[in-house]
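Here the structure is laid out as C-alpha coordinates; the discussion comes afterwards.
Index from 1, following the sequence. Note that this is a predicted model, so its numbers are computed, not measured.
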Amino acid sequence: MSSPCARVRRVGLFGGTHGNELSGVLLVRHWQQDGAEIQRAGVQVKPFLTNPRAVERCTRYIDCDLNRVFDPESLGRPVVEDIPYEVRRAQEINHIFGPKGSDDAYDLIFDLHNTTSNMGGTIILENSRDDFTIQMVHYIKNALAPEPCPALLIEHPSLKYATTRSVAKHPVGVEVGPQPQGVARADVLDKMRKIVKHGLDFVQLFNEGKEFPPCTIEVFKIMEKVDYPRNKNGEIIAIIHPKLQDQDWQPLKNGDPQFLTLDGEVIPYQGDCTVYPTFINEAAYYEKKQAFVKTEKIKLSAKHLRLSEKSTS
(Lines give C-alpha, C1' and ligand atoms only; values in the text may rest on other atoms or scores of the structure.)
Protein backbone atom coordinates (compact mmCIF):
# COMPACT_ATOMS: atom_id res chain seq x y z
CA MET A 1 0.00 0.00 0.00
CA SER A 2 1.23 3.48 -0.80
CA SER A 3 0.09 6.85 0.45
CA PRO A 4 -0.12 9.43 -2.36
CA CYS A 5 0.19 12.94 -1.03
CA ALA A 6 -0.21 16.34 -2.68
CA ARG A 7 2.81 18.51 -3.45
CA VAL A 8 3.86 20.77 -0.59
CA ARG A 9 3.55 24.32 -1.89
CA ARG A 10 3.45 26.51 1.24
CA VAL A 11 5.36 26.11 4.50
CA GLY A 12 5.15 28.38 7.55
CA LEU A 13 8.00 28.77 10.05
CA PHE A 14 6.53 30.19 13.27
CA GLY A 15 8.62 31.82 15.98
CA GLY A 16 7.57 33.75 19.06
CA THR A 17 4.32 31.89 19.73
CA HIS A 18 5.62 32.33 23.27
CA GLY A 19 7.46 35.64 23.38
CA ASN A 20 10.20 34.57 25.81
CA GLU A 21 11.32 31.48 23.84
CA LEU A 22 14.11 33.16 21.96
CA SER A 23 15.55 30.55 19.56
CA GLY A 24 12.52 30.71 17.26
CA VAL A 25 12.26 34.49 17.63
CA LEU A 26 15.89 35.03 16.58
CA LEU A 27 15.75 32.51 13.73
CA VAL A 28 12.51 33.93 12.27
CA ARG A 29 13.83 37.49 12.44
CA HIS A 30 17.05 36.35 10.76
CA TRP A 31 15.19 34.49 8.02
CA GLN A 32 12.94 37.50 7.41
CA GLN A 33 16.11 39.51 6.67
CA ASP A 34 17.98 36.73 4.84
CA GLY A 35 15.96 33.70 3.81
CA ALA A 36 18.62 31.97 1.68
CA GLU A 37 18.98 28.93 3.97
CA ILE A 38 15.23 28.23 4.07
CA GLN A 39 14.52 28.64 0.36
CA ARG A 40 13.56 25.45 -1.47
CA ALA A 41 12.70 25.23 -5.17
CA GLY A 42 8.97 25.38 -5.88
CA VAL A 43 7.99 26.02 -2.25
CA GLN A 44 6.89 29.26 -0.62
CA VAL A 45 8.50 29.25 2.84
CA LYS A 46 7.19 32.02 5.09
CA PRO A 47 8.96 32.87 8.38
CA PHE A 48 6.45 34.53 10.69
CA LEU A 49 6.51 36.08 14.18
CA THR A 50 3.27 34.87 15.72
CA ASN A 51 3.02 36.90 18.95
CA PRO A 52 4.90 40.18 18.37
CA ARG A 53 3.56 41.97 21.47
CA ALA A 54 4.72 39.14 23.75
CA VAL A 55 8.09 39.11 21.95
CA GLU A 56 8.45 42.85 22.52
CA ARG A 57 7.86 42.36 26.25
CA CYS A 58 9.83 39.09 26.37
CA THR A 59 6.94 37.37 28.11
CA ARG A 60 5.13 34.11 27.32
CA TYR A 61 1.88 35.87 26.41
CA ILE A 62 -0.07 39.10 26.95
CA ASP A 63 -3.60 37.93 27.89
CA CYS A 64 -3.67 34.14 27.36
CA ASP A 65 -1.61 31.34 25.83
CA LEU A 66 -1.62 31.74 22.02
CA ASN A 67 -0.75 28.04 21.69
CA ARG A 68 -4.09 26.97 23.22
CA VAL A 69 -6.67 29.16 21.44
CA PHE A 70 -6.93 27.64 17.96
CA ASP A 71 -10.23 25.96 18.81
CA PRO A 72 -13.44 26.67 16.82
CA GLU A 73 -14.92 28.75 19.65
CA SER A 74 -11.93 31.12 19.89
CA LEU A 75 -11.43 31.35 16.13
CA GLY A 76 -15.14 32.19 15.72
CA ARG A 77 -15.41 34.75 18.54
CA PRO A 78 -16.75 38.17 17.52
CA VAL A 79 -13.98 40.78 17.56
CA VAL A 80 -15.00 43.19 20.30
CA GLU A 81 -12.90 45.64 22.28
CA ASP A 82 -12.23 43.40 25.27
CA ILE A 83 -11.32 40.28 23.27
CA PRO A 84 -7.99 38.88 24.55
CA TYR A 85 -5.03 39.93 22.38
CA GLU A 86 -4.00 36.34 21.64
CA VAL A 87 -7.52 35.36 20.54
CA ARG A 88 -7.56 38.27 18.09
CA ARG A 89 -4.07 37.30 16.94
CA ALA A 90 -5.17 33.66 16.49
CA GLN A 91 -7.93 34.85 14.17
CA GLU A 92 -5.40 36.89 12.15
CA ILE A 93 -3.04 33.90 11.88
CA ASN A 94 -5.95 31.66 10.87
CA HIS A 95 -6.85 34.18 8.15
CA ILE A 96 -3.27 34.26 6.77
CA PHE A 97 -2.31 30.57 7.11
CA GLY A 98 -5.70 28.83 7.21
CA PRO A 99 -8.57 28.64 7.46
CA LYS A 100 -7.93 25.70 9.77
CA GLY A 101 -9.30 22.47 8.34
CA SER A 102 -9.74 23.87 4.82
CA ASP A 103 -8.09 23.07 1.48
CA ASP A 104 -6.69 26.61 1.44
CA ALA A 105 -4.66 26.11 4.65
CA TYR A 106 -0.86 26.00 4.53
CA ASP A 107 0.49 22.53 3.84
CA LEU A 108 3.03 22.46 6.66
CA ILE A 109 3.90 24.62 9.67
CA PHE A 110 6.94 24.24 11.91
CA ASP A 111 6.22 26.02 15.20
CA LEU A 112 9.50 26.73 17.02
CA HIS A 113 9.53 26.52 20.83
CA ASN A 114 11.97 26.37 23.70
CA THR A 115 11.60 24.53 26.98
CA THR A 116 13.40 24.86 30.29
CA SER A 117 13.25 21.05 30.51
CA ASN A 118 16.07 18.77 29.39
CA MET A 119 14.20 17.52 26.30
CA GLY A 120 16.93 17.99 23.69
CA GLY A 121 15.69 18.56 20.15
CA THR A 122 12.13 17.19 20.23
CA ILE A 123 9.59 17.02 17.41
CA ILE A 124 5.92 17.19 18.44
CA LEU A 125 3.29 15.39 16.38
CA GLU A 126 -0.49 15.79 16.62
CA ASN A 127 -1.75 12.93 14.45
CA SER A 128 -0.75 9.25 14.60
CA ARG A 129 -2.16 8.60 11.12
CA ASP A 130 -0.41 11.36 9.15
CA ASP A 131 1.93 9.38 6.88
CA PHE A 132 3.61 12.50 5.50
CA THR A 133 4.61 13.81 8.95
CA ILE A 134 5.71 10.37 10.21
CA GLN A 135 7.90 9.94 7.12
CA MET A 136 9.38 13.41 7.66
CA VAL A 137 10.20 12.65 11.31
CA HIS A 138 11.83 9.38 10.20
CA TYR A 139 13.94 11.36 7.71
CA ILE A 140 14.93 14.01 10.30
CA LYS A 141 15.81 11.37 12.93
CA ASN A 142 18.09 9.58 10.45
CA ALA A 143 19.70 12.85 9.33
CA LEU A 144 20.49 13.84 12.93
CA ALA A 145 21.72 10.39 14.09
CA PRO A 146 23.52 9.57 16.32
CA GLU A 147 22.17 12.72 18.02
CA PRO A 148 18.81 11.72 19.56
CA CYS A 149 15.67 13.40 18.28
CA PRO A 150 12.71 12.30 20.43
CA ALA A 151 9.20 12.53 18.98
CA LEU A 152 6.26 13.40 21.25
CA LEU A 153 2.73 12.52 20.14
CA ILE A 154 0.15 14.78 21.82
CA GLU A 155 -2.90 13.05 20.31
CA HIS A 156 -5.22 12.30 23.24
CA PRO A 157 -9.00 11.79 23.63
CA SER A 158 -9.42 14.35 26.42
CA LEU A 159 -6.32 16.58 26.37
CA LYS A 160 -7.03 19.13 23.65
CA TYR A 161 -4.22 21.55 22.85
CA ALA A 162 -5.61 23.70 19.96
CA THR A 163 -2.09 24.72 18.96
CA THR A 164 -1.04 27.60 16.73
CA ARG A 165 0.42 25.19 14.17
CA SER A 166 -2.83 23.20 13.97
CA VAL A 167 -3.94 25.70 11.31
CA ALA A 168 -1.81 23.72 8.80
CA LYS A 169 -2.66 20.44 7.11
CA HIS A 170 0.53 18.99 8.64
CA PRO A 171 1.37 20.65 11.99
CA VAL A 172 4.82 20.06 13.49
CA GLY A 173 6.13 21.42 16.80
CA VAL A 174 9.87 21.81 17.36
CA GLU A 175 10.65 21.94 21.10
CA VAL A 176 14.32 22.44 22.04
CA GLY A 177 15.90 22.72 25.48
CA PRO A 178 17.04 23.13 28.10
CA GLN A 179 17.04 26.90 27.76
CA PRO A 180 15.92 29.49 30.33
CA GLN A 181 13.10 31.84 29.36
CA GLY A 182 14.37 35.07 27.82
CA VAL A 183 17.78 33.54 27.05
CA ALA A 184 19.35 32.35 23.78
CA ARG A 185 21.90 29.50 23.86
CA ALA A 186 23.94 28.83 20.72
CA ASP A 187 23.79 25.03 21.05
CA VAL A 188 20.00 25.05 21.43
CA LEU A 189 19.52 27.44 18.51
CA ASP A 190 21.77 25.28 16.33
CA LYS A 191 19.79 22.15 17.17
CA MET A 192 16.53 23.88 16.22
CA ARG A 193 18.03 25.19 12.99
CA LYS A 194 19.16 21.70 11.95
CA ILE A 195 15.72 20.16 12.55
CA VAL A 196 14.12 22.83 10.34
CA LYS A 197 16.81 22.39 7.65
CA HIS A 198 16.29 18.61 7.47
CA GLY A 199 12.51 19.07 7.46
CA LEU A 200 12.73 21.45 4.50
CA ASP A 201 15.16 19.09 2.74
CA PHE A 202 12.57 16.32 3.10
CA VAL A 203 9.91 18.58 1.55
CA GLN A 204 12.16 19.32 -1.41
CA LEU A 205 12.99 15.63 -1.98
CA PHE A 206 9.31 14.71 -1.76
CA ASN A 207 8.32 17.45 -4.21
CA GLU A 208 11.03 16.28 -6.63
CA GLY A 209 9.33 12.88 -6.77
CA LYS A 210 11.49 10.88 -4.36
CA GLU A 211 9.51 7.96 -2.93
CA PHE A 212 9.86 6.95 0.71
CA PRO A 213 9.43 3.26 1.60
CA PRO A 214 7.24 2.20 4.54
CA CYS A 215 8.82 3.16 7.86
CA THR A 216 8.31 2.85 11.60
CA ILE A 217 9.38 5.38 14.23
CA GLU A 218 9.46 5.28 18.01
CA VAL A 219 7.39 8.01 19.66
CA PHE A 220 6.47 8.99 23.19
CA LYS A 221 2.69 9.25 23.43
CA ILE A 222 1.21 11.55 26.05
CA MET A 223 -0.73 9.75 28.79
CA GLU A 224 -1.50 12.38 31.42
CA LYS A 225 -0.21 15.48 33.15
CA VAL A 226 1.08 15.20 36.73
CA ASP A 227 0.71 18.07 39.20
CA TYR A 228 2.95 18.90 42.15
CA PRO A 229 1.80 17.73 45.60
CA ARG A 230 -0.16 20.57 47.22
CA ASN A 231 -1.67 21.46 50.58
CA LYS A 232 -5.35 22.24 51.17
CA ASN A 233 -4.74 25.84 50.09
CA GLY A 234 -3.42 24.67 46.73
CA GLU A 235 0.19 25.60 47.52
CA ILE A 236 3.07 23.44 46.31
CA ILE A 237 4.59 21.38 49.15
CA ALA A 238 7.06 19.23 47.21
CA ILE A 239 9.44 19.75 44.31
CA ILE A 240 10.88 17.50 41.59
CA HIS A 241 13.26 14.96 43.18
CA PRO A 242 16.94 15.41 42.19
CA LYS A 243 16.97 11.90 40.67
CA LEU A 244 14.08 12.84 38.35
CA GLN A 245 15.32 16.34 37.50
CA ASP A 246 16.71 16.55 33.91
CA GLN A 247 15.78 12.90 33.23
CA ASP A 248 13.33 13.64 30.40
CA TRP A 249 12.59 10.56 28.26
CA GLN A 250 14.19 8.22 30.83
CA PRO A 251 12.11 5.37 32.34
CA LEU A 252 10.30 6.05 35.62
CA LYS A 253 9.36 2.83 37.41
CA ASN A 254 7.12 2.04 40.37
CA GLY A 255 8.93 3.11 43.55
CA ASP A 256 11.37 5.51 41.85
CA PRO A 257 11.79 8.92 43.55
CA GLN A 258 9.41 11.47 42.06
CA PHE A 259 8.98 14.42 44.44
CA LEU A 260 10.80 15.69 47.53
CA THR A 261 8.97 17.59 50.29
CA LEU A 262 10.62 20.49 52.05
CA ASP A 263 10.74 18.25 55.15
CA GLY A 264 12.94 15.84 53.21
CA GLU A 265 10.31 13.17 52.57
CA VAL A 266 10.63 11.32 49.26
CA ILE A 267 7.36 10.78 47.37
CA PRO A 268 7.87 7.83 45.02
CA TYR A 269 6.15 7.18 41.71
CA GLN A 270 3.34 4.65 42.08
CA GLY A 271 2.16 2.99 38.90
CA ASP A 272 1.57 -0.36 37.28
CA CYS A 273 3.73 0.38 34.25
CA THR A 274 6.98 2.12 33.41
CA VAL A 275 6.42 5.64 32.06
CA TYR A 276 8.69 8.15 30.36
CA PRO A 277 8.34 11.65 31.85
CA THR A 278 8.98 14.78 29.84
CA PHE A 279 8.52 18.54 30.26
CA ILE A 280 10.00 17.84 33.72
CA ASN A 281 9.90 20.98 35.87
CA GLU A 282 9.03 23.20 32.87
CA ALA A 283 8.95 26.80 34.15
CA ALA A 284 5.93 27.79 32.03
CA TYR A 285 3.83 24.92 33.38
CA TYR A 286 3.78 25.96 37.04
CA GLU A 287 0.75 28.13 36.22
CA LYS A 288 -0.82 25.14 34.47
CA LYS A 289 -0.32 23.01 37.62
CA GLN A 290 1.90 20.58 35.79
CA ALA A 291 5.15 19.10 37.17
CA PHE A 292 5.72 16.81 34.20
CA VAL A 293 3.93 14.84 31.51
CA LYS A 294 3.75 11.04 31.62
CA THR A 295 4.27 9.33 28.28
CA GLU A 296 4.38 5.77 26.99
CA LYS A 297 6.73 4.50 24.30
CA ILE A 298 4.94 3.30 21.16
CA LYS A 299 5.68 2.70 17.48
CA LEU A 300 4.08 4.62 14.63
CA SER A 301 4.16 3.28 11.08
CA ALA A 302 3.74 5.08 7.77
CA LYS A 303 2.94 3.61 4.39
CA HIS A 304 5.08 4.03 1.29
CA LEU A 305 4.91 7.77 0.50
CA ARG A 306 4.90 9.30 -2.95
CA LEU A 307 3.70 12.42 -4.73
CA SER A 308 0.15 12.03 -6.00
CA GLU A 309 -0.06 11.97 -9.81
CA LYS A 310 -2.24 15.05 -10.05
CA SER A 311 0.50 17.00 -8.21
CA THR A 312 3.23 16.05 -10.67
CA SER A 313 1.72 17.79 -13.67
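- A donor-acceptor pair under 3.5 Å is absent between the side-chain atoms of His113 and the main chain of His18, judged by distance alone.
- The residues Lys288 and Asp65 are annotated as salt-bridged, a charged nitrogen and a carboxylate oxygen being separated by less than 4.0 angstrom.
- Looking at Gln135, its side chain does come within 3.5 Å of a backbone N or O of Pro213 through a donor-acceptor pair.
- Applying the ring-ring contact (aromatic ring centres under 6.0 Å, His included) test to Phe132 and every residue at least two apart in sequence or in another chain returns His170, Phe202, Phe206.
- Cluster membership for Met192 and Val183, using ILVMFWY side-chain heavy atoms within less than 4.5 angstrom, is not shared.
- A salt bridge does not link Glu218 with Lys141: none of the charged nitrogens is closer than 4.0 Å to a carboxylate oxygen.
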Atom pairs and distances, side-chain donor-acceptor, residues 238-246, under 3.5 Å, sequence neighbours left out:
| from | atom 1 | to | atom 2 | distance (Å) |
| --- | --- | --- | --- | --- |
| His241 | ND1 | Lys243 | N | 2.9 |
| Gln245 | OE1 | Asn281 | ND2 | 2.9 |

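- Aromatic ring pairs are classed by plane angle as parallel below 30°, tilted from 30° to 60° and perpendicular above 60°; the pair His198 and Tyr139 is perpendicular.
- Between Glu86 and Arg68, no side-chain nitrogen of the basic residue sits less than 4.0 Å from a carboxylate oxygen of the acidic one, so the salt-bridge criterion is not met.
- Ionic pairing of Asp103 and Lys169 is not present here: no N-O contact between side-chain nitrogen and carboxylate oxygen is shorter than 4.0 angstrom.
- Using modelled atom types, no side-chain atom of Trp249 and backbone atom of Tyr276 make a donor-acceptor pair closer than 3.5 Å.
- When only modelled atom types and interatomic distance are considered, Tyr228 and Gln290 share no side-chain donor-acceptor pair under 3.5 Å.
- Applying the side chain to side chain donor-acceptor pair (under 3.5 Å) criterion to Glu235, with sequence neighbours excluded, gives Asn231.
- For the pair Glu155 and Leu125, the minimum side-chain heavy-atom distance is 4.5 Å or more.
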Show your working on salt bridge (charged side-chain N to carboxylate O under 4.0 Å, His left out) between Asp190 and Arg185 and close with a plain yes or no. CA-CA 9 Å; Asp190 183 60; Arg185 288 179 51 136; over 6 Å; no
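- The line from OG of Ser166 to CG of Asp111 is 9.5 Å long, rounded to the nearest 0.5 Å.
- The shortest side-chain heavy-atom distance between Ile38 and Pro47 falls under the 4.5 Å cut-off.
- Lys191 is linked by a salt bridge (Lys or Arg N to Asp or Glu O under 4.0 Å) to Glu147, counting only residues two or more places apart in sequence or in another chain.
- Taking 4.5 Å as the limit, every side-chain heavy atom of Gln44 sits out of range of all side-chain heavy atoms of Val11.
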side-chain hydrogen bond (donor to acceptor under 3.5 Å, both in side chains) between Gln179 and Thr116, worked out: CA-CA 5 Å; Gln179 178 169 281; Thr116 61; over 6 Å; no
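- For residues 43-69, every residue pair satisfying the ring pair (Phe, Tyr, Trp, His ring centres under 6.0 Å) rule, not counting sequence neighbours, is listed here: Phe14-Phe48, Phe48-Phe97.
- Asp82 contributes no side-chain N or O that, together with a main-chain N or O of Pro84, makes up a donor-acceptor pair within less than 3.5 Å.
- Using a 4.5 Å heavy-atom cutoff, the side chains of Val293 and Met223 are not in contact.
- Between Leu112 and Ile195 the shortest side-chain heavy-atom distance does not fall below 4.5 Å.
- Through chains of ILVMFWY side-chain contacts below 4.5 Å, Leu260 is grouped with Val266.
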Does Val275 form a side-chain contact (heavy atoms from CB on, under 4.5 Å) with Thr295? I'd like the steps, not just the answer. CA-CA 6 Å; Val275 296; Thr295 74; over 6 Å; no
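- Atom OG1 of Thr115 sits about 7.0 Å away from atom CG of Asp248, to the nearest 0.5 Å.
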Could you go step by step and tell me if Ser301 and Thr216 meet the side-chain hydrogen bond (donor to acceptor under 3.5 Å, both in side chains) rule? CA-CA 4 Å; Ser301 294; Thr216 299; 3.0 Å; yes
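- Using a distance-only test at 3.5 Å, with no hydrogens or angles considered, a donor-acceptor pair links the side chain of Asp63 to the main chain of Tyr85.
- For Lys294 and Phe292, the positive end is not near the middle of the six-membered ring at less than 6.0 Å and at most 45° from its axis.
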Between Glu126 and Thr163, does a side-chain hydrogen bond (donor to acceptor under 3.5 Å, both in side chains) hold up when you go through it step by step? CA-CA 9 Å; Glu126 304 202 359; Thr163 60; 2.5 Å; yes
What do the steps show when you test Leu200 against Gln204 for side-chain contact (heavy atoms from CB on, under 4.5 Å), and what is the final call? CA-CA 6 Å; Leu200 292 174; Gln204 182 166 1; over 6 Å; no
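- Counting only distance, with no hydrogens or angles, the side chain of Arg10 and the backbone of Asp104 share a donor-acceptor pair below 3.5 Å.
- Rounding to the nearest 0.5 Å places CZ of Arg89 at 9.5 Å from OG1 of Thr17.
- A salt bridge does not link Lys289 to Asp227: none of the charged side-chain nitrogens sits closer than 4.0 Å to a carboxylate oxygen.
- Hydrophobic clustering keeps Tyr286 apart from Ile237 (ILVMFWY residues linked when any side-chain heavy atoms are closer than 4.5 Å, directly or through intermediates).
- If you chain together hydrophobic residues whose side chains sit under 4.5 Å apart, Leu49 and Ile62 never meet in one group.
- The side-chain heavy atoms of Thr122 and Cys149, taken from C-beta on, include no pair separated by under 4.5 Å.
- Residues Asn127 and Thr133 form no side-chain contact, since every pair of their non-hydrogen atoms from C-beta on lies 4.5 Å or further apart.
- Annotation: side chain of Arg193 is in contact with side chain of Leu27 (closest heavy-atom distance under 4.5 Å).
- A donor-acceptor pair is defined here as one N or O able to donate and one able to accept, closer than 3.5 Å; no such pair exists between the side chain of Glu208 and the backbone of Lys210.
- Note that the CD atom of Gln250 and the CD1 atom of Ile280 stand 8.5 Å from one another [nearest 0.5 Å].
- For Glu287, the CD atom sits in a packed shell: over 12 heavy atoms of surrounding residues, nucleotides or ligands are nearer than 6.0 Å.
- Environment of CG in Asp272: sparse, with no more than 12 heavy atoms of neighbouring residues, nucleotides or ligands closer than 6.0 Å.
- To the nearest 0.5 Å, the span separating OG on Ser128 from CG on Leu153 amounts to 6.0 Å.
- Atom CG of Leu152 and atom CZ of Phe279 lie 6.5 Å apart (nearest 0.5 Å).
- Put simply, the side chain of Arg9 never gets that close to the backbone of Val43: no donor and acceptor are under 3.5 Å apart.
- Checking side-chain atoms of Ser74 against main-chain N and O of Asp71 turns up no donor-acceptor pair under 3.5 Å.
- A side-chain donor-acceptor contact under 3.5 Å links Asn114 to the backbone of Leu22.
- Atom CZ of Arg57 has 12 or fewer neighbouring heavy atoms from other residues, nucleotides or ligands inside a 6.0 Å radius.
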Please evaluate residues Ile154 and Ile124 with respect to the criterion side-chain contact (heavy atoms from CB on, under 4.5 Å), reporting the C-alpha separation (whole Å), side-chain torsions for both, the decisive distance (0.1 Å), and the verdict. CA-CA 7 Å; Ile154 61 169; Ile124 303 180; 3.7 Å; yes
Show your working on side-chain contact (heavy atoms from CB on, under 4.5 Å) between Thr50 and Ile93 and close with a plain yes or no. CA-CA 7 Å; Thr50 42; Ile93 291 165; 3.9 Å; yes
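- Looking at Glu21 and Arg60, a side-chain N of the basic residue comes within less than 4.0 Å of a carboxylate O on the acidic one, giving a salt bridge.
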